[in-house]
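What follows is a short report on a single structure.
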Amino acid sequence: QVRLVESGGGSVQAGGSLRLSCVASGHTGSSSYCMGWFRQAPGLEREEVAATYTGGGATFYGDSAKGRFTISQDNAKNTVYLQMNSLKPDDTAMYYCAANLDPECWKRLWATNEFGTWGQGTQVTVSS
């Protein structure tokens, strides 16, 4: 069973930066898989922020992340990062890491409902 643990959230002023980390442990299988970052603010639907394929060559960014956020990975550490720059108050949300273990997940990085393993989340608060 795969376990995901997020860290790196916190409070920052608008224009600032944060880097979120997600460490995967347990049996992820021998194939590459997909990791994604999602966020949910109170009263709003969950939004896919970014996703990546651990085998390389495929990434996805939601509209809110394009140009400001960067997803990266360190496969040796089973860790995925989300570098968030130029943060805005609208970025305030609980951020979750999730995994899609389907070896062909790279074809559908945008498919939120195919991410079946979730972390507990880390809160990001951006003040104006």
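Nearest heavy atoms, Ala65 versus Val49: CB-O, 3.4 Å. When all heavy atoms are compared, the tightest approach of Met35 to Ala24 is CE-CB, 4.4 Å. Closest of all the heavy-atom pairs between Thr92 and Gln123 is CG2-NE2, 4.0 Å. Pairing each heavy atom of Gly9 with each of Val124, the nearest pair is CA-CG2, 4.2 Å.
Taking CG from Leu82 and OG1 from Thr122, the interatomic distance works out to 11.0 Å, rounded to the nearest 0.5 Å. Separation of atoms CD (Gln83) and CD1 (Ile71) is listed at 12.0 Å; rounding is to 0.5 Å. For the atom pair CG of Leu4 and CG of Asn78, the computed distance is 10.0 Å after rounding to the nearest 0.5 Å. Atom CZ of Arg46 is separated from atom CG of Asn113 by 9.0 Å, given to the nearest 0.5 angstrom. Separation of atoms CG (Leu109) and OG1 (Thr112) is listed at 10.5 Å; rounding is to 0.5 Å. Between the OG atom of Ser7 and the OH atom of Tyr95 there is a distance of 15.0 Å, given to the nearest 0.5 Å.
Surrounding CD of Glu104 are at most 12 heavy atoms belonging to other residues, nucleotides or ligands under 6.0 Å away. The neighbour count for Gln120 CD, taken as heavy atoms of other residues, nucleotides or ligands under 6.0 Å away, does not exceed 12.
Clustering of Ile, Leu, Val, Met, Phe, Trp and Tyr side chains at separations under 4.5 Å places Tyr96 together with Phe38, Met94, Phe115, Trp118.
With sequence neighbours left out, Glu47 forms a side-chain contact (heavy atoms from CB on, under 4.5 Å) with Arg39, Ser64. Judged as a side-chain contact (heavy atoms from CB on, under 4.5 Å), and not counting sequence neighbours, the contacts of Ser11 are Thr125. For Arg108, the side-chain contact (heavy atoms from CB on, under 4.5 Å) test picks out Asp102, Trp110, Ala111, Glu114, with sequence neighbours left out.
Between the side chain of Tyr61 and the main chain of Gly67, no donor-acceptor pair closer than 3.5 Å is present.
Listed by first then second residue, pairs satisfying salt bridge (charged side-chain N to carboxylate O under 4.0 Å, His left out) with a partner in residues 48-70 read Asp63-Lys66, Arg68-Asp91, not counting sequence neighbours.
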Quiz item: Hey, mind stepping through Tyr81 and Thr70 against side-chain contact (heavy atoms from CB on, under 4.5 Å) and telling me if it holds?
Solution: CA-CA 8 Å; Tyr81 305 97; Thr70 303; over 6 Å; no
Exercise. Starting from the C-alpha separation in whole Å, work towards a yes-or-no answer on side-chain contact (heavy atoms from CB on, under 4.5 Å) for Glu6 and Leu20.
Key: CA-CA 7 Å; Glu6 304 98 332; Leu20 306 183; over 6 Å; no
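Of the options Ser127, Ser128, Pro89, a side-chain contact (heavy atoms from CB on, under 4.5 Å) to Gln13 is made by Ser127 and by none of the others.
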Side-chain polar contacts of residues 50-60 - donor-acceptor pairs under 3.5 angstrom, sequence neighbours left out - could you list them?
unit_1	atom_1	unit_2	atom_2	d
Thr52	OG1	Gln73	OE1	2.9
Thr54	OG1	Tyr33	N	2.9
Thr54	OG1	Tyr33	O	3.0

